Amino acid sequence: MLFLLISFLIFSSSCGSGSPTTLSISDLAVGIKEGVEKQLRSPEGLLYKSTKDKSFLSETIGLELMWHLLDEDKSAFDYQFSLLKKYFISPLGLLYWKISEDFDRFKSNASIDDLRVCKALILAYRKWGDNEYLNTAKEIGNALLKYVIKKDILLDGISWEPAGIFGGISIDQGAKSITLSYPDIQAMLLLKEYNSDWLKVVVKTSGIVLMGALLKGTDVYWGYDIESESYNDRDRNLINEFLHLLHLASAGSVPIDHVRYFAFKLDVEDGIFDENGNENVAVYSLASLLFYESGFYMEAEACLEKLKKFRLDSGLLGYPSEDGGTEAWAFDNLLALIAIETISGSPKK
């Protein structure tokens with residue numbers, strides 16, 4: 001995959017249907033939207049994980065809800081809301097994190113995705129006043145409180161299986177370490193407004209997330225071990241690092257030195273690269289949102305400009321694939337649309 005990304009950067013000019021220097025951000029967004037509908041939309045109305053992977057993810061429907069909310073398209077939002085209820089909400093009230101192409105459901109959830117959906121629904125309720133949005137958000141939020149909290153800390157997720165002849169369910173809370181990029185603090189704060197039981201979870205979990213961004217200079221820890229009450233580290237992952245910082249920024253608590261560090265890297269190196277020298281659609285989308293939330297508006301727009309080099313002939317943003325073609329992911333393209341809508345339509349510019 002790393003070789004493919006490097007190859008893409010070398011030959012990016014041959015992948016797109018227009019010069020990156022002349023393509024406007026609005027035209028880029030139009031192309032992405034057209035590509036999403038033609039290349040990623042399934043007959044059922046959901047978005048595939050990618051142009052080559054026909055499974056469906058809870059992260060994707062959550063991001064699409066956020067996109068339609070920002071785009072103020074209530075009709076499209078309501079359609080995806082109906083699909084959310086039809087396909088993704090489990091008997092526990094949590095979301096199935098993955099559904100196969102044949103619509104087999106993986107009996108596990110991802111807390112980051114559940115929280116993103118709750119945030120989209122609560123914000124939509126406040127915008128459009130539909131009580132069904134709020135009721136569904138509360139249902140998912142209450143399920144998180146019931147099943148996915150340990151020691152007042154939000155876990156990454158759980159898995160479950162049928163148990164017993166009377167229809168019981170066996171819950172597995174999984175690993176005892178949380179990923180610090182998962183807790184969406186803004187979403188938890190919104191849920192707290194409708195259920196005070198979220199208060200102690202927000203306080204403890206957000207404190208752990210914030211300290212995980214402060215203890216290593218301008219780097220961040222990857223996870224936190226609940227049993228030993230200690231932080232742990234793994235290979236650096238820029239997507240998770242930017243998610244971690246963005247969740248703090250959305251709650252008004254971003255460590256500003258981290259933002260300045262990435263602004264400096266963007267200026268001096270003319271990009272944001274991982275340790276292997278690669279660039280990524282999701283990284284630039286998340287970086288643009290982090291810069292925007294932190295008041296670095298020029299850097300936010302510079303990151304949007306970087307998205308142009310990933311444009312494929314379909315209009316989607318993606319990369320070369322092993323078969324000599326290309327592949328584009330819904331995650332990347334929805335994040336790009338959210339970033340473009342947030343920043344390009346902002347009165348702060």
Side-chain angles (χ1 to χ4, degrees), residues 44-47 56-99 103 105-150 152-160 162 167-169 171 173 182-203 205-206 247 250-251 334 338 341:
E44 295 80 14
L46 296 167
L47 292 182
F56 309 97
L57 301 179
S58 55
E59 75 175 7
T60 303
I61 197 165
L63 287 169
E64 183 163 8
L65 287 171
M66 289 300 300
W67 166 38
H68 292 316
L69 178 66
L70 284 168
D71 205 31
E72 299 187 341
D73 189 340
K74 188 176 187 301
S75 177
F77 186 96
D78 284 343
Y79 181 51
Q80 290 303 310
F81 179 49
S82 70
L83 297 178
L84 174 81
K85 292 186 293 182
K86 180 177 181 179
Y87 293 112
F88 277 98
I89 297 182
S90 74
L92 298 180
L94 302 171
L95 304 183
Y96 296 108
W97 82 272
K98 183 176 182 179
I99 301 174
F103 283 85
R105 290 162 173 81
F106 289 66
K107 296 179 179 64
S108 58
N109 82 304
S111 300
I112 185 174
D113 302 340
D114 292 35
L115 286 174
R116 184 184 290 114
V117 166
C118 288
K119 177 166 64 177
L121 292 176
I122 292 174
L123 293 176
Y125 163 72
R126 294 183 176 184
K127 177 183 287 287
W128 292 312
D130 190 327
N131 285 320
E132 195 172 358
Y133 302 154
L134 179 60
N135 292 336
T136 303
K138 289 162 69 174
E139 176 189 357
I140 299 169
N142 290 341
L144 286 169
L145 285 173
K146 183 176 181 179
Y147 298 112
V148 199
I149 303 295
K150 183 170 184 177
D152 297 329
I153 301 170
L154 180 75
L155 303 174
D156 287 353
I158 63 165
S159 60
W160 61 89
I169 294 177
I171 303 293
Q173 287 193 318
Y182 267 41
D184 187 326
I185 299 169
Q186 183 187 28
M188 291 190 291
L189 287 169
L190 288 169
L191 285 165
K192 178 187 69 68
E193 296 300 314
Y194 303 97
N195 186 337
S196 60
D197 289 344
W198 275 98
L199 177 58
K200 54 187 178 182
V201 178
V202 174
V203 170
T205 305
S206 61
H247 287 154
S250 68
L334 289 170
I338 288 170
E341 185 67 39

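Predicted model, so just to flag it, every value in this text is computed and none were measured.
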* Structure fact -> Rounding to 0.5 Å, atoms OG (Ser159) and CZ (Phe106) come to a distance of 12.5 Å
* To do: Mark yes or no for whether Ser111, through its side chain, and Asp156, through its backbone, hold a donor-acceptor pair below 3.5 Å.
  => yes
* Asn109 side chain to Ile158 backbone, donor-acceptor under 3.5 Å -> yes
* Supply the atom-to-atom distance Leu65 CG to Leu123 CG, rounded to the nearest 0.5 angstrom. => 11.0 Å
* Which distance, rounded to the nearest 0.5 Å, do you find between the NE2 of His247 and the CD1 of Ile185? -> 8.0 Å
* Mind listing the closest non-hydrogen atom pair of Tyr96 and Lys107 along with its distance? => CD2-CA, 4.3 Å
* To do: Determine yes or no for a side-chain-to-main-chain donor-acceptor pair under 3.5 angstrom, with Glu139 supplying the side chain and Ile89 the backbone.
  => no
* Asked: Side chains of Leu334 and Thr60: does their closest heavy-atom pair fall under 4.5 Å?
  -> yes
* Anything under 30° is parallel, anything over 60° is perpendicular, the rest tilted; go ahead and classify Phe77 against Tyr133. => perpendicular
* To do: Kindly say whether Asp197 contributes a backbone atom to a donor-acceptor pair with the side chain of Asn195 at under 3.5 angstrom?
  => yes
* **Heavy-atom check, side chain of Tyr125 versus side chain of Asp130, under 4.5 Å** => no
* Got a second to check how far Leu189's CG is from Ile122's CD1, nearest 0.5 Å? -> 10.5 Å
* To do: Answer yes or no: does atom NZ of Lys98 have more than 12 heavy-atom neighbours from other residues, nucleotides or ligands under 6.0 Å?
  => yes
* Asked: Taking the six-membered ring for Trp, are the ring centroids of Tyr87 and Phe56 within less than 6.0 Å of each other?
  -> no
* Give the minimum heavy-atom separation between Gly93 and Ala143, together with the two atoms involved. => C-CB, 3.7 Å
* Asked: Is the number of heavy atoms from other residues, nucleotides or ligands within 6.0 Å of NZ (Lys85) greater than 12?
  -> yes
* **Salt-bridge criterion met for Asp184 and Lys119 (N-O under 4.0 Å)** => yes
* Would a 4.5 Å heavy-atom cut-off, applied to side chains only, mark Trp160 and Leu94 as touching? -> yes
* **Proximity of Trp97 and Phe88 rings by center, below 6.0 Å** => no
* Leu145 and Val201, any side-chain heavy atoms less than 4.5 Å apart -> yes
* Verify, without hydrogens or angle tests, whether Ser90 (side chain) and Leu95 (backbone) share a donor-acceptor contact under 3.5 angstrom. => no
* Within-4.5 Å side-chain heavy-atom neighbours: Ile61 and Leu47 -> no
* Asked: So Tyr79 and His68, side-chain contact (heavy atoms from CB on, under 4.5 Å) or not? Walk me through it.
  -> CA-CA 10 Å; Tyr79 181 51; His68 292 316; over 6 Å; no
* Structure fact -> Closest non-hydrogen contact found for Gln80 with Gly45 is NE2-O, 3.0 Å
* Structure fact -> Nearest heavy-atom contact between Gly157 and Val148 is CA-CG1, 3.8 Å
* Asked: Do Leu134 and Leu121 have side-chain heavy atoms sitting under 4.5 Å apart?
  -> no
* Evaluate the criterion side-chain contact (heavy atoms from CB on, under 4.5 Å) for residue pair Leu144 and Trp198; output intermediate values, then yes/no. => CA-CA 10 Å; Leu144 286 169; Trp198 275 98; 3.9 Å; yes
* Expected output: side-chain Thr205 to main-chain Leu154 donor-acceptor under 3.5 Å -> yes
* Audit row: Leu63, Arg116, side-chain contact (heavy atoms from CB on, under 4.5 Å) steps and yes/no -> CA-CA 7 Å; Leu63 287 169; Arg116 184 184 290 114; 3.5 Å; yes
* Criterion side-chain contact (heavy atoms from CB on, under 4.5 Å) on Leu115 and Leu191, from CA distance to verdict -> CA-CA 9 Å; Leu115 286 174; Leu191 285 165; 3.8 Å; yes
* What's the spacing between Asp114 CG and Tyr182 OH if we round to 0.5 Å? -> 10.5 Å
* Under 4.5 Å between any side-chain heavy atoms of Leu190 and Arg126, yes or no? -> yes
* Structure fact -> CD (Glu64) and CG (Asp73) are apart, to the nearest 0.5 Å, by 9.5 Å
* To do: Output yes when Lys127 and Glu72 qualify as a salt bridge under the 4.0 Å nitrogen-oxygen rule, no when they do not.
  => yes
* Flag, side chain of Asn142 to backbone of Lys138, donor-acceptor distance under 3.5 Å -> yes
